[in-house]
Novice: 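Before I ask anything, here is the structure I am working with.
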Protein chains: 2
Amino acid sequence: MTPTPAKIRILLADDHTLVRRGVRLILDAEPDLEVVAEAADGAEAVAALRDVEVDLVILDVAMPRMTGLQAARIIARMRTPPKMLMLSMHDNEQYFFEALKVGASGYVLKSVADEDLVKACRTAMSGQAFVYPGAMSALVRDYLDRLNRGESLPRTVLTEREDEVLKLIAEGHSTREIARELTISYKTVERHRENILAKLGLRDRTQVTRYAIRAGLIEP
Amino acid sequence: MTPTPAKIRILLADDHTLVRRGVRLILDAEPDLEVVAEAADGAEAVAALRDVEVDLVILDVAMPRMTGLQAARIIARMRTPPKMLMLSMHDNEQYFFEALKVGASGYVLKSVADEDLVKACRTAMSGQAFVYPGAMSALVRDYLDRLNRGESLPRTVLTEREDEVLKLIAEGHSTREIARELTISYKTVERHRENILAKLGLRDRTQVTRYAIRAGLIEP
DNA sequence: ATCCGAATGGGTGCTGCCACCCATAAGTCC
DNA sequence: GGACTTATGGGTGGCAGCACCCATTCGGAT
């Protein structure tokens, strides 16, 4: 036997007490895993990382105040960021791709079996590109296959400026208001909006709103 | 001491394995509570009630195939229905009022503390009208206060039809599509939309989307 | 019997959204 | 240096969304 190896130190962030209970129960039962801190929202998680040394952060994608996705963006910019696993109730592409974009090491559904969660933690720590246990949609599978074969990403992502406009649209601002806000012309805003709709495959402002909320870009 | 009293027999229905884990852990730790069955959706819960004798059903409001609210409506029509507690992630009015309407004995958020959940089970079994532990929105509190003082309910501003239209708008459907969906004329849909915007003090379809998501009328 | 709210539908007109077309300046990549 | 991307801006046209006007039918409350 090796002399007791260091456990993987985990920060667990989920706004639902009951979920934290369940996850902690499962993880602490493993000899090589240890939940060393909990957080009830994204902001708490980020703050906790300043006080506690952590190897892996498990983040619920949707939390009040600061979502898991927002927190992940901040965490990824730290000097020595821990690995990140996104925990989600929703088996949908949007959240999944957002998780990829923010640099998470995996995306785990809350409906998975215990062993899948445990395995995801270990795989994430091993440096694997991306973990996705359970039944994922075909679209996601294709995407990950391409990713694992080293192919470049189709680059559906929005530019920074488009992201700004996207948020303002989703918050219910009119084209004219956005133009004033960004001090650019009405026409340029229309141009950005057009590109956003095309890139995301959306039809109108209403769908942009839902997209942005789903992606955790704005609060409902 | 009384000779060991019969435990409260509980059916637990939630589609997320991790949540069932956590809840079961908390309840089974109590001397007077016992989880005797689990279900992963509403249909399973209803089916399980035919095989197992149960005093209390804990139902997640949102489950695939058959939601907890749908299941509650069916369960309430049984000859000797068990008590029902609705479990929810969302502290919003819509689900809450639905829970009231289907005859549940309480509405418990997944973010509550362990003791609150345990207390809710006991209170529900005692025959109390309605339990609502934890931090509820001010709107819900007012509502329950009025309810407990025996005042009549001011009820939602929107009519049933307007509610239908509201949801379809929020889901990103155009006026024309909604008209086809409801087999009414384009003009009537416009009329309903106009009333909705006026009653809710909103400006356009984008804001309707955000409102509906916030109120829990639709999923993002 | 009457009145009111809810649901239905029509007309008219303004404005905003969206889809095409076009161009230019600045930066990056090969 | 040329290709490409990003951000900027313009024009034009069609259709949708929204506001304000109108009316009819039906059922329940007073």
Side-chain angles (χ1 to χ4, degrees), chain A residues 73 97 101 150-213 215 217-218, chain B residues 94 97 101 150-213 215 217-218:
Chain A
R73 283 189 203 97
F97 287 126
K101 225 162 60 166
E151 293 180 19
S152 67
L153 313 180
R155 221 13 228 177
T156 49
V157 207
L158 301 183
T159 68
E160 280 184 44
R161 198 56 155 173
E162 284 164 355
D163 236 51
E164 277 186 276
V165 175
L166 169 73
K167 284 182 201 176
L168 290 167
I169 292 174
E171 278 167 3
H173 297 102
S174 71
T175 307
R176 196 167 305 280
E177 287 170 343
I178 296 170
R180 240 186 294 114
E181 174 78 16
L182 301 179
T183 27
I184 54 180
S185 99
Y186 182 91
K187 269 322 250 181
T188 304
V189 178
E190 281 200 310
R191 171 114 300 252
H192 286 313
R193 184 191 56 211
E194 219 170 311
N195 290 335
I196 291 166
L197 292 183
K199 284 186 180 180
L200 300 179
L202 304 177
R203 221 176 39 181
D204 55 32
R205 289 155 65 254
T206 308
Q207 300 191 341
V208 169
T209 299
R210 294 186 73 198
Y211 172 87
I213 291 174
L217 294 167
I218 63 161
Chain B
Q94 188 59 32
F97 289 129
K101 259 195 332 207
E151 293 180 20
S152 69
L153 323 175
R155 256 341 277 165
T156 27
V157 258
L158 299 186
T159 68
E160 279 185 45
R161 199 54 155 173
E162 285 164 355
D163 234 55
E164 279 186 276
V165 175
L166 170 71
K167 284 184 201 176
L168 290 167
I169 291 174
E171 278 168 2
H173 297 102
S174 71
T175 307
R176 195 167 306 279
E177 287 170 344
I178 296 171
R180 241 185 294 115
E181 174 79 15
L182 300 180
T183 26
I184 55 180
S185 98
Y186 181 92
K187 270 322 250 180
T188 304
V189 178
E190 281 200 311
R191 169 109 301 236
H192 287 313
R193 184 190 56 209
E194 218 169 312
N195 290 333
I196 291 166
L197 292 183
K199 283 185 181 180
L200 299 180
L202 304 176
R203 219 175 41 181
D204 54 33
R205 288 156 66 253
T206 308
Q207 299 191 340
V208 169
T209 300
R210 294 186 74 196
Y211 171 87
I213 291 173
L217 293 166
I218 62 161

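Lettering follows sequence order; numbering is per chain, from 1.
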Novice: Can you see which heavy atom on A/Val208 is nearest to which on A/Ala170, and at what distance?
Specialist: O-CB, 4.1 Å
Novice: Scan B/Arg193 against the nucleic acid and name what it touches under 4.0 Å (heavy atoms): base, sugar-phosphate only, or nothing.
Specialist: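 Result for B/Arg193 = base.
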Novice: Taking side-chain contact (heavy atoms from CB on, under 4.5 Å) as the definition, give me every residue that meets it alongside A/Arg161, ordered by chain and number, with sequence neighbours left out.
Specialist: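 Counting only residues at least two positions away or on another chain, A/Arg161 forms a side-chain contact (heavy atoms from CB on, under 4.5 Å) with A/Thr159, A/Glu164, A/Leu182, A/Ile184, A/His192.
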Novice: Tell me the salt bridge (charged side-chain N to carboxylate O under 4.0 Å, His left out) pairs involving residues 174-187 of chain B, sequence neighbours left out?
Specialist: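 Only A/Arg203-B/Glu177, B/Lys187-B/Glu190 qualify under salt bridge (charged side-chain N to carboxylate O under 4.0 Å, His left out).
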Novice: Quick one: are A/Ile178 and A/Ile169 in side-chain contact, heavy atoms under 4.5 Å?
Specialist: yes
Novice: With the threshold set at under 4.0 Å for non-hydrogen atoms, list the residues of residues 165-174 of chain A touching DNA chain C in residue-number order.
Specialist: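 Residues of residues 165-174 of chain A under 4.0 Å from DNA chain C: A/Ser174.
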Novice: Can a side chain N or O of A/Thr175 be found less than 4.0 Å away from OP1 or OP2 on C/dG16?
Specialist: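 Negative; the distance criterion is not met.
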Novice: Between the protein and nucleotides 25-30 of chain C, which nitrogen or oxygen pairs come in under 3.5 angstrom?
Specialist:
none

Novice: Kindly give the heavy-atom pair with the smallest separation between A/Glu162 and A/Ile196, and that separation in Å.
Specialist: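 Scanning both residues completely, I find the closest heavy atoms to be O-CD1, 3.2 Å.
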Novice: Write down the distance between CD1 (A/Ile178) and C1' (C/dC18), rounded to a whole number of angstrom.
Specialist: 14 Å
Novice: How long is the line joining CG of A/Leu197 and C1' of D/dC15, in whole Å?
Specialist: 15 Å
Novice: By side-chain hydrogen bond (donor to acceptor under 3.5 Å, both in side chains), which residues pair with B/Arg191, not counting sequence neighbours?
Specialist: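 Applying side-chain hydrogen bond (donor to acceptor under 3.5 Å, both in side chains) to B/Arg191 gives none.
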Novice: Shortest non-hydrogen contact from B/Ile213 to A/Ile213?
Specialist: CD1-CD1, 3.5 Å
Novice: Grab the two heavy atoms, one from B/Gly172 and one from A/Asp204, that are nearest each other, plus how far apart they are.
Specialist: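 That closest heavy-atom pairing would be O-OD2, 4.3 Å.
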Novice: Expressed in angstrom and rounded to an integer, what is the separation of A/Leu202 atom CG from C/dC17 atom C1'?
Specialist: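 Atom-to-atom, A/Leu202 to C/dC17, this comes out as 15 Å.
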Novice: Atom CZ of B/Arg203 to atom C1' of D/dA19: distance rounded to whole Å?
Specialist: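 Taking atom C1' of D/dA19 as the reference, CZ of B/Arg203 is at 15 Å.
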Novice: Give, for atom CD of B/Glu171 and atom CG of B/Leu166, the distance between the pair rounded to the nearest 0.5 Å.
Specialist: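 Result: 9.5 Å between the selected atoms.
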Novice: Would you mind reading off the bend of the helix from C/dA1-D/dT30 to C/dC30-D/dG1 from its two end axes, five pairs each, to 10 degrees?
Specialist: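 About 40°, once rounded to a multiple of 10°.
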Novice: Which nucleotides of nucleotides 7-13 of chain D have their base under 4.0 Å from a protein heavy atom (B), which only their sugar-phosphate (S), and which neither (-), written as one string 5' to 3'?
Specialist: SBBBBB-
Novice: Please lay out, stage by stage, how B/Leu200 and B/Leu158 fare under the test side chain to side chain contact (heavy atoms under 4.5 Å, CB included).
Specialist: CA-CA 9 Å; B/Leu200 299 180; B/Leu158 299 186; 4.1 Å; yes
Novice: Taking only residues two or more places apart in sequence, or in another chain, which ones meet B/Asn195 in a side-chain hydrogen bond (donor to acceptor under 3.5 Å, both in side chains)?
Specialist: none
Novice: Provide, to the nearest angstrom, the distance between the CD1 atom belonging to B/Ile196 and the P atom belonging to D/dG17.
Specialist: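 Atom-to-atom, B/Ile196 to D/dG17, this comes out as 13 Å.
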Novice: Where do A/Arg193 and A/Arg205 come nearest, in terms of heavy atoms and distance?
Specialist: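 Looking at all heavy atoms of both residues, the shortest contact is CD-CG, 4.5 Å.
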Novice: Rounded to the nearest Å, what distance is computed from the CZ atom of residue B/Arg205 to the C1' atom of nucleotide D/dC15?
Specialist: 12 Å
Novice: Could I get the full list of side-chain hydrogen bond (donor to acceptor under 3.5 Å, both in side chains) partners for A/Ser174, not counting sequence neighbours?
Specialist: none
